[in-house]
Amino acid sequence: MRCVIARFAFDLSKSGVVASMKGVRPEPVTGESVIIGRRRYSVMQVGEVVTRQDRRDFTAGEVLRAMARLGFTCRNLPAAAPAPGLTPLQEASALLGVPTAG
């Protein structure tokens, strides 16, 4: 499949991406990710390995689109957990600027 990443055209295949990522240790994922084989890689790490370009040259969106078109499972940023609700007393105290105990 032909795709454009950082204004350069690449002919990528699913087997080619799997072969490129073989033996590459995944770095900790803090944002978008791609599942290749049984491993979860950072989108930027995949883009860097596959294109051999610096991470500053492309965006995560470009790589996500290409990997999704190739059939890889892509994950977006994890949803933020909702903040725990305050009791009415804690909320009133916070509005007044008075610290509450527990």
Side-chain angles (χ1 to χ4, degrees):
M1 174 195 77
R2 190 165 189 87
C3 64
V4 176
I5 299 175
R7 299 181 313 271
F8 291 99
F10 292 94
D11 287 319
L12 299 177
S13 67
K14 189 169 185 172
S15 60
V17 172
V18 171
S20 295
M21 297 307 293
K22 187 174 184 176
V24 176
R25 173 175 273 158
E27 32 184 73
V29 176
T30 57
E32 293 95 348
S33 63
V34 179
I35 298 174
I36 300 175
R38 290 186 229 159
R39 295 182 172 190
R40 186 173 166 207
Y41 294 94
S42 163
V43 170
M44 298 305 277
Q45 182 182 15
V46 173
E48 183 177 48
V49 171
V50 170
T51 65
R52 294 186 180 104
Q53 293 181 329
D54 190 270
R55 294 178 188 209
R56 295 173 290 185
D57 294 338
F58 54 85
T59 66
E62 292 174 312
V63 179
L64 274 176
R65 279 190 298 277
M67 295 300 115
R69 284 180 57 198
L70 287 173
F72 291 105
T73 303
C74 300
R75 303 278 185 227
N76 288 329
L77 290 170
L86 297 176
T87 66
L89 176 63
Q90 291 172 329
E91 189 174 343
S93 296
L95 290 172
L96 293 173
V98 179
T100 61

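As the structure is a computational prediction, the values presented were derived from the model and not from experiment.
The two residues Gln45 and Pro26 come nearest to each other via the heavy atoms OE1-CA, 3.7 Å. When all heavy atoms of Ser33 and Val29 are compared, the pair lying nearest together is CB-CG1, 3.6 Å. The two residues Ala68 and Cys74 make their nearest non-hydrogen contact at N-SG, 3.8 Å.
Looking at Val63 and Met44, their side chains never come closer than 4.5 Å, going by heavy atoms from C-beta outward. In this structure, the side chains of Phe10 and Gln53 come closer than 4.5 Å at one or more pairs of heavy atoms.
The side chain to side chain contact (heavy atoms under 4.5 Å, CB included) test with Phe58 is passed by exactly one of Val43, Ile5, Val4: Ile5.
We find the CG-CD distance between Asp54 and Glu48 to be 6.5 Å, quoted to the nearest 0.5 Å. Residue Met67 holds its CE atom at 12.5 Å from OG1 of Thr73, rounded to the nearest 0.5 Å.
Taking Arg7 as the reference, nothing meets the side chain to side chain donor-acceptor pair (under 3.5 Å) condition, with sequence neighbours excluded.
At least one donor-acceptor pair under 3.5 Å links the side chain of Glu62 to the backbone N or O of Ala6. Judged by distance alone, the side chain of Glu32 and the main-chain N or O of Ala60 form no donor-acceptor pair under 3.5 Å.
A continuous path of Ile, Leu, Val, Met, Phe, Trp and Tyr side chains, each step under 4.5 Å between heavy atoms, connects Leu70 with Val49, placing both in one hydrophobic cluster. Tracing side-chain contacts under 4.5 Å through hydrophobic residues (I, L, V, M, F, W, Y), one reaches Met1 starting from Phe8; they form part of the same cluster. Hydrophobic clustering, with ILVMFWY side chains joined whenever heavy atoms are under 4.5 angstrom apart, groups Phe72 together with Val46.
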Identify each donor-acceptor pair in which a side-chain atom of residues 17-25 lies under 3.5 Å from a protein atom, sequence neighbours left out, and give them as a table.
unit_1 : atom_1 : unit_2 : atom_2 : d
Ser20  : OG     : Gly16  : O      : 3.0

